[in-house]
2 protein chains.
Amino acid sequence: MDRPQEDIIVEHILDAIADQRLRAGTKLAEQALSDFFSCNRAHVRRALATLAAHRVVEHKPNRGAFVATPTPEEARDVFQARRAIETTIGRNAVRNATPADIDRLRTHLAEEQTARQGGNRPRAIRLSRGFHLLLAQIGRNAVLAHYLDELTMRTSLIIGLYGSGGTLCADDEHARIVDAIAEGNETEALELLDRHLRHIEQGIEFRETRPQTDILSSILAAGG
Amino acid sequence: MDRPQEDIIVEHILDAIADQRLRAGTKLAEQALSDFFSCNRAHVRRALATLAAHRVVEHKPNRGAFVATPTPEEARDVFQARRAIETTIGRNAVRNATPADIDRLRTHLAEEQTARQGGNRPRAIRLSRGFHLLLAQIGRNAVLAHYLDELTMRTSLIIGLYGSGGTLCADDEHARIVDAIAEGNETEALELLDRHLRHIEQGIEFRETRPQTDILSSILAAGG
DNA sequence: TTCTAACAGATTGTTAACAATTTGTGGTAT
DNA sequence: ATACCACAAATTGTTAACAATCTGTTAGAA
């Protein structure tokens, strides 16, 4: 692995953001993080620099690092970027998907449904995001996959900020996308994917946001 | 400004990469950088972490940081990602372009032509990239603009590695794209943009690459 | 000559101490 | 009661020293 110590911090925080445990605006105090990860502040500071470069953390001089708070304009841009990127990802997926890939997708769908029916919302959120990342993996373009990874994390922040109560990918939409991919019906798959993304976007509603005062350590401890 | 010291280092190195002064594989020694920027190594290390997150620097444990060396597969992915992103950027540009924007584009084209005819290759490279970034600015999607910024820098590295001698955006192609935008002809503009990007990609040819032994300080000193 | 091993120098990695800034608290005056 | 100021605590920012690792050179043996 690359620089294990720092990468662990980065991954841990990214996971917490993706899972909507860490919410927009939460302060990421250096001391708290270096305590939690049993490392020194230099590691934490570099990890925070990395996270800031990924645009999921904002750095305020002399005030510290905070989980990014996307503006409504940024939210709009993120969704448009997702449509642009996932259209190409979807096309790649349709063209590259092997039977084994279709199996992986269907297995994933089943897990999603189980989590949803079992009322396991945190897991449903994670798997819902995982579906989109799985498509990107099948599409076999690492650059687009990486950008989608970033965008889905920012989407998590946006939904946490502006989403109505139960905002979540409808998994019957996921299922229909898989059907279209399995049939090799590119037009249909891309149409469904685009509509799906627009549905997610429609589920958000801009409103005033409150300052965040969550306690960091308990949030991070909840992670896998 | 955010964290001036570090951001200066990051911007300086990004500029050098975009301008093809810093080539793939060049070692970025911490001491050399902290000497050049008159700062301490902690700043340099955080700047390098940021650059690594942007995928233009690779970090090898205990060996140091190097300008990234994109593989042929990565190059292919970068170009496909550019087509995906710039298609949406182009559409936004056609729809949002004001007469003032068209003026800016035409002014830019003139500067490009001057640089090219005057044999000023470094400036031609910078302006050629600038054209694409200007389109992104007119498109008014900050997320896509940022990704394009990253992708154009990676394109610079790719062309530096695998480009045939005079690989450069043909500026008559740029001019025709501007014409289509000025006419509001979206289909034509997007078609031309896509073809333009494919032409750039066709100008590269994968071959073995040599280890790089450039001297960092003189490269950075050449920057604006 | 060629290969190996040991050493010295240079570079990266880690840590702790100190400085500067902000934040919260308590007291005082209006 | 409220506004304001001063002080203390906490947090971020900066720096230097030290440890670990790698690189290149030199000497010696096959």
Side-chain angles (χ1 to χ4, degrees), chain A residues 1-13 22 24-54 56-69 210-220, chain B residues 1-13 22 24-54 56-69 210-220:
Chain A
M1 208 63 78
D2 227 349
R3 289 158 300 168
Q5 189 67 88
E6 268 151 63
D7 290 353
I8 288 169
I9 303 175
V10 170
E11 291 301 324
H12 220 89
I13 292 179
L22 259 180
T26 306
K27 167 142 196 184
L28 300 171
E30 297 180 2
Q31 186 81 283
L33 290 171
S34 63
D35 286 352
F36 183 82
F37 292 102
S38 336
C39 63
N40 59 42
R41 280 174 52 218
H43 288 147
V44 170
R45 298 191 116 233
R46 283 211 299 284
L48 290 173
T50 298
L51 291 164
H54 287 309
V56 293
V57 161
E58 283 164 12
H59 196 95
K60 305 186 185 177
N62 290 319
R63 307 277 314 287
F66 299 81
V67 177
T69 303
R210 311 193 176 140
Q212 205 60 42
T213 56
D214 291 344
I215 291 150
L216 195 55
S217 58
S218 58
I219 292 171
L220 292 173
Chain B
M1 210 60 77
D2 227 349
R3 289 157 301 167
Q5 190 68 87
E6 269 151 63
D7 290 353
I8 287 168
I9 303 174
V10 170
E11 290 301 323
H12 220 89
I13 292 178
L22 259 181
T26 307
K27 167 141 194 185
L28 300 171
E30 297 180 1
Q31 185 82 291
L33 290 171
S34 64
D35 286 352
F36 183 83
F37 292 103
S38 334
C39 63
N40 59 42
R41 279 174 54 220
H43 288 147
V44 170
R45 297 191 116 231
R46 280 211 300 283
L48 291 174
T50 298
L51 291 163
H54 287 309
V56 293
V57 161
E58 283 164 12
H59 195 95
K60 305 186 185 178
N62 290 319
R63 307 278 314 287
F66 299 80
V67 178
T69 303
R210 313 195 171 139
Q212 205 59 44
T213 56
D214 291 344
I215 290 151
L216 195 56
S217 59
S218 57
I219 292 171
L220 292 173

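Predicted model, so just to flag it, every value in this text is computed and none were measured. Residue numbering restarts at 1 for every chain, and letters A, B, ... go by the order of the sequence lines. Only this structure's heavy atoms are used, side chains among them; waters, hydrogens and symmetry mates stay out.
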Could you give the [atom1]-to-[atom2] distance, from [X] to [N], as a whole number of Å?
{"X": "B/Arg45", "N": "C/dT15", "atom1": "CZ", "atom2": "P", "result": "12 Å"}
{"X": "B/Arg46", "N": "C/dG13", "atom1": "CZ", "atom2": "C1'", "result": "15 Å"}
{"X": "A/Glu58", "N": "D/dT12", "atom1": "CD", "atom2": "P", "result": "16 Å"}
{"X": "A/Gln31", "N": "C/dT23", "atom1": "CD", "atom2": "P", "result": "17 Å"}
{"X": "A/Lys60", "N": "C/dA20", "atom1": "NZ", "atom2": "P", "result": "25 Å"}
{"X": "B/Glu30", "N": "D/dT21", "atom1": "CD", "atom2": "C1'", "result": "13 Å"}
{"X": "A/Leu33", "N": "D/dA10", "atom1": "CG", "atom2": "C1'", "result": "16 Å"}

If you measure from [atom1] on [X] to [atom2] on [Y], what distance do you get to the nearest 0.5 Å?
{"X": "B/Phe36", "Y": "B/Ile13", "atom1": "CZ", "atom2": "CD1", "result": "9.5 Å"}
{"X": "B/Cys39", "Y": "B/Ile8", "atom1": "SG", "atom2": "CD1", "result": "9.0 Å"}
{"X": "B/His54", "Y": "A/Thr50", "atom1": "NE2", "atom2": "OG1", "result": "9.5 Å"}

**OP:** Consider the side chain of B/Arg63, meaning its heavy atoms from C-beta on, and name the nucleotide among D/dT23, C/dT11, C/dT14 that approaches it most closely.
**Re:** D/dT23

**OP:** Tell me which nucleotide among D/dT11, C/dT21, C/dG13 gets nearest to the side chain of A/Lys27.
**Re:** D/dT11

Original post:
Can you name the nearest heavy-atom pair linking A/Ala53 to B/Ala53, along with the distance?
Top reply: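 A/Ala53 and B/Ala53 have their closest heavy atoms at CB-CB, 3.6 Å.
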
**OP:** Might you point out which heavy atoms bring A/Ala65 and A/Val57 nearest each other, and give the distance in Å?
**Re:**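 Smallest interatomic distance, heavy atoms only, reads CB-CG1, 3.9 Å.
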
Subject >> DNA chain C contacts made by residues 35-43 of chain A, counting heavy atoms under 4.0 Å >> reply: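 A/Asn40, A/Ala42, A/His43 - these, ordered by number, are the residues of the stretch whose heavy atoms sit under 4.0 Å from the strand.
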
Subject >> Name of the residue among A/Arg45, A/Glu11, A/Arg46 meeting side-chain contact (heavy atoms from CB on, under 4.5 Å) with A/Glu6 >> reply: A/Arg46

Original post:
Is the backbone of B/Leu216 close enough, under 3.5 Å, to the side chain of B/Lys27 for a donor and an acceptor to pair up by distance?
Top reply: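 Not confirmed, B/Lys27 side chain does not pair with B/Leu216 backbone.
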
Subject >> A/Asp7 side chain to A/Val10 backbone, donor-acceptor under 3.5 Å >> reply: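 Side chain of A/Asp7 to backbone of A/Val10: no pair is present.
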
Original post:
Do the side chains of A/Leu33 and A/Leu220 get nearer than 4.5 Å, heavy atoms only?
Top reply: yes

Original post:
Over its full length, what angle do the end axes of the helix from C/dT1-D/dA30 to C/dT30-D/dA1 make, each axis taken from five pairs and the result rounded to 10 degrees?
Top reply: 10°

